[in-house]
Amino acid sequence: MNQLASSYRIRIETRLDNPGWTRVVSSILGVILALVVGGFVLRAAGATDPIGTYQEIFKEGFGTPADWQAGVTALLTNTDCPKGLLCFGPLSDTLVKTSPILLTALACILAFRMKLWNIGADGQMFMGAWAATAVAIFIFPPGTDRVLMLGVMALAGILAGFIYGAIPGFLKARLNINEIIITLMLNYIAYKWLEYFVVVGPWSIGDFESTGRFPVSATWPRLTEAAKSIPALSGLTAHPGIFLGIIAAIVLAWIFKRSRWGYEIRVIGNNPKAARYAGISLARNTLLVMGVSGALAGLAGMNEVAALRELNGRFQRGLGFTGVIIAWLARLNPLAAILVAFLFGGLLVGTQLIQPQGIASMLQGVILFVVVGTELLFRYRIRFEKIERVAIAPEALHDG
Amino acid sequence: MTEAINAIEMHSIVKRFPGVVANDHVDFACQVGEVHALLGENGAGKSTLMNVLAGMYRPEAGEILVSGKRVVLHSPQEAIAHGIGMVHQHFMLVPPHSVAENIVLGLNQPRFLLNLSHIEEQVAALSEQYGLSVNPRAKIWELSVGEQQRVEVLKMLYRGAKVLILDEPTAVLTPQEVEVLFHTLRDMTKRGHSIVFISHKLDEVVAIADRVTVLRRGKVTAANVPAKGTTKAQLAQLMVGREVLFQVDKKKAQPGDVVLAVEGLCADNDRSLPALRNVSLQVRAGEIVGVAGVAGNGQRELAEALTGLRRPTAGKMTLGKIALDRHTQWLKLGQQLAHIPEDRAVFGSVAELSVAENLILKRFYRPPISSGWSINASAVRQNADRLVVQYQIATPTIETPVRMLSGGNLQKVILARETSERPYLMVAVHPTRGLDIGATESVHKLLIEQRDADTGILLISEDLDELLSLSDRLIVLYEGQIAGEMPAEGADIHTIGLMMAGAKADA
Ligand SMILES: Nc1ncnc2c1ncn2[C@@H]1O[C@H](COP(=O)(O)OP(=O)(O)OP(=O)(O)O)[C@@H](O)[C@H]1O
Ligand SMILES: [Mg+2]
């Protein structure tokens, strides 16, 4: 019997079942792998100690346990934070960054669920920011009630995003024009549109390439505004905009799971022919999903200007694309997107001061790449097997 | 020594899927030069067992012997290297490519350069030899289903298959094509090929098979039964474990009001060629109108036009009391009536959604399933629980995605959804295609029950026996036109056959 001497070989076979855990694992694995690959890239870019760099990024993005502890103590004793801004500063900055990317991610999730590849969340966000700014500085007088002002700004952002998303939706529904190309191009139109207004055009104040500071009523209340009574909050810029994203995520999760519209979206996303058979309108849903997707991104734009407190020529591009990556990493699950967006917020904040610049984009790219890759891998299963492995019937052993 | 040599043997094969043991220690053997029929109800594990033999699935346990030697098959390529080839029920051909190209596709043989004309010659020679006439230069999309199947068989022969597995090959064929196929199969066995033949049509099994093996719920219940001298009824008994009535019991129809009136309907096919010319027909409440015809004579377009999936180019239609012409909103039409579509996986169901979710596909937008904007989860569950029991749908849970169901059970899901609401009109297209006899029997019963509950039914089928036994009236379609109409009772098969082939009714 030479069974012990058998060698192994690796077999790749398609997985018949795709249990939920594979998605979670491949997301986590994707991030870890991306960090490893990113580490090599960092090395190549001249960083001597990639792990140290990651630690630095984490510290800048989230703070350290010691800092948090000091902060909590300060809160409880109602004193100044001993380390000043350090205690909750990073977390607060990260929350500020999380708000818009959570909303753009939700925009992508909604469209992607119906297999509509809206990669124009960036442009839709710009249009939302533009419309919210118009309300803030031109439509309402500065003395308007803050809640009213912010509410109308949000509505303006939603409306602008809706229209800007519905355009490619309409083209797709009516003329079957590929939405990927249209949404991508509309991004650049939106960049130029904003540039025209705040850099060269009518909204720019002097040479500042900016609308100038919004009236207080058009800005998010920040934690630091409460510093008089709670000194530990001094300097913190976190604002309630994050709740817009969280509420939107919960609503979206409900829509997918429990609503008629969500059911229609899932049927169409899975089998458009069956949708037609069931009398579900493809055209109406294409328009609507693209519009609402754009509206979420538009809300992200409003959220961002109300946090920046002005609209200027440096309004950040690319948050819509970050949304694509978050959506993918969250496996199109709106609730998972909350967590993923928070981690990405930390990544964006943590890499702001790190050299070489562009680490955040590099890591994002690698993460997307690896996550899509691992997802493919999980369609298969790798089996290590002895070459002589099949369960052998006793008779077969004897005559061998 | 046994009297004949086994071309292949399978011992104690075990194959599990999430929630089911599809093959539970199955033994199977096929001799050189025989046609061995594999029978069993839907979901019994026939396709799974043959997929194991053809290298598509790895079994959890068990062994396979080819000509007495043990082999381990990791892929279809390795199986074909051992002379085992399978023709799946869903063909795996590339439509824009030619027959010859499809035959060499995936072969390692001509590694860089394709000498197509040489291959075409070889293919032509093979098809000559086995009587599988097909033009090697034709593109797949130009071929009929029967011809495509011949290509699949040729593909396997070209690769040197000695053992040919045919998974429900006749489900999509016309009776004439079945004859041709059987002729080829007999020819092949004479040349020393072995055939494993899966079918739910017992007449065919009795006609072509040498021996029969029966699976039930993953286990062998009868092995190597000689087909000669075995009756259809005995085979049915072995399969379902009880007696099966082949004759449908039905009372005389009591036709009521006209529920569907079609006048001068014209429609194009997918290639924008006229497929329906000036079709006029009526269906009354409480009657079954059968539509006979050779596949491709406008049946599909008729069904799709009636159910709102295809916009007619001319004509008028009255559904119940709603009058429609080609300018009206056709989209929601499908929601008004019951439709058992031709292709259950493409139109009738959503593969990734659960059984429960598929069961509400046509009623999700109205109470009690939905209230306002939301879908009532407990109503969805109740609906599914009730229908799964009532229609005896075999599924691990109501949350199981329907892509995991066997063909028969998927069809039951569709039937449950479409018939449980007592529609006034039902369009049923090949409602029993691919179903086992037990399931076929219950579908037939269901259709009759529907009829007796005053539903008007338009039944489109290629199975003449089915049409004759279920219908009250028959219509024959030929090249998109109505070639004849007659009461089903006492209708002469021969006359119908002539009409299907284009001869005008002698009026
Ligand atoms: N890929 C799969 N994933 C999960 N379950 C499967 C898969 N394929 C088959 N099954 C299950 O295994 C069992 C056997 O299925 P199989 O397709 O072999 O039945 P069958 O005898 O060919 O039936 P039919 O006559 O309906 O084609 C069924 O319960 C089916 O639901
Ligand atoms: Mg099968």
Side-chain angles (χ1 to χ4, degrees), chain A residues 6 9-20 22 113 115 251 254-285 288 332 380-381 383 385-400, chain B residues 11-12 14 16-19 56-65 70-72 74-75 304 307-309 329-336 339 341 343-353 357-358 360-366 369-377 380 401 403-404 417:
Chain A
S6 57
R9 71 166 141 188
I10 299 171
R11 274 282 154 197
I12 297 174
E13 53 186 43
T14 41
R15 205 175 250 293
L16 297 168
D17 50 333
N18 219 332
T22 60
R113 276 279 183 112
K115 300 217 165 72
V251 171
W254 178 83
I255 284 177
F256 286 140
K257 227 181 153 69
R258 285 286 146 82
S259 79
R260 266 172 61 174
W261 189 39
Y263 181 80
E264 294 191 8
I265 291 171
R266 282 186 301 143
V267 171
I268 298 175
N270 252 300
N271 184 348
K273 285 188 170 165
R276 238 158 54 85
Y277 164 87
I280 297 172
S281 167
L282 286 178
R284 206 192 87 224
N285 277 302
L288 206 59
L332 308 188
Y380 301 92
R381 109 168 86 201
R383 229 150 86 160
E385 60 185 28
K386 284 184 203 159
I387 284 185
E388 290 289 72
R389 211 210 57 158
V390 177
I392 298 167
E395 317 86 57
L397 277 179
H398 290 307
D399 53 38
Chain B
H11 291 305
S12 220
V14 177
R16 291 191 186 87
F17 288 117
M56 297 275 288
Y57 295 157
R58 283 297 310 278
E60 271 85 46
E63 58 168 357
I64 298 170
L65 290 96
R70 205 180 76 236
V71 297
V72 180
H74 296 104
S75 66
E304 290 184 0
T307 52
L309 291 172
Q329 244 286 23
W330 285 67
L331 182 73
K332 299 269 178 210
L333 212 56
Q335 291 179 346
Q336 312 276 334
H339 178 200
D343 196 327
R344 36 183 170 263
V346 174
F347 278 108
S349 61
V350 187
E352 295 300 323
L353 297 195
E357 286 170 322
N358 270 280
I360 60 166
L361 193 56
K362 287 257 213 93
R363 61 185 76 152
F364 71 91
Y365 57 90
R366 56 189 147 92
I369 301 300
S370 76
S371 48
W373 289 13
S374 72
I375 283 186
N376 183 343
V380 173
R403 79 181 149 80
M404 292 197 182
R417 185 182 68 216

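Order of the sequence lines sets the chain letters (A, B, ...), proteins ahead of strands, with each chain counted from 1. This structure is a prediction, so every number in the text was calculated from the model and none was measured.
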Checklist line | Winner by heavy-atom pair count (cut-off under 4.5 Å) against chain A, out of B:Leu65, B:Val14, B:Val380, B:Leu353 | finding: B:Leu353

Notebook entry, point to check: Looking at A:Ala274 and B:Ser349, what are the two nearest heavy atoms and their distance?
Noted result: CB-O, 3.7 Å

Next item on the list: Given side chain to side chain contact (heavy atoms under 4.5 Å, CB included), test B:Phe364 with A:Val267 step by step and report yes or no.
Entry: CA-CA 11 Å; B:Phe364 71 91; A:Val267 171; over 6 Å; no

Next item on the list: Examine whether an atom of B:Ile360 lies under 4.5 Å from a heavy atom of chain A, and if so say whether it belongs to the side chain, the backbone or both; otherwise answer neither.
Entry: both

Next item on the list: Spell out, as yes or no, whether a donor-acceptor pair under 3.5 Å connects the side chain of A:Asn271 to the backbone of B:Val346.
Entry: yes

Check: Considering only heavy atoms, which portion of B:Arg417 lies under 4.5 Å from any heavy atom of chain A: side chain, backbone, both, or neither?
Finding: side chain

Next item on the list: Dump the intermediate steps for side chain to side chain contact (heavy atoms under 4.5 Å, CB included) on B:Ile375 and A:Arg260, then the final yes or no.
Entry: CA-CA 6 Å; B:Ile375 283 186; A:Arg260 266 172 61 174; 3.9 Å; yes

Check: Under a 4.5 Å cut-off applied to non-hydrogen side-chain atoms, are B:Ser370 and A:Tyr263 in contact?
Finding: no

Next item on the list: Just do the side chain to side chain contact (heavy atoms under 4.5 Å, CB included) check on A:Ile255 and B:Trp373 with the steps written out, would you?
Entry: CA-CA 9 Å; A:Ile255 284 177; B:Trp373 289 13; over 6 Å; no

Next item on the list: Could you tell me whether A:Arg266 and B:Glu357 have a side-chain N and a carboxylate O separated by less than 4.0 Å?
Entry: yes

Note to self: One pair to check against side chain to side chain contact (heavy atoms under 4.5 Å, CB included): B:Lys362 and A:Tyr277. What are the steps and the verdict?
What the structure shows: CA-CA 9 Å; B:Lys362 287 257 213 93; A:Tyr277 164 87; 3.9 Å; yes

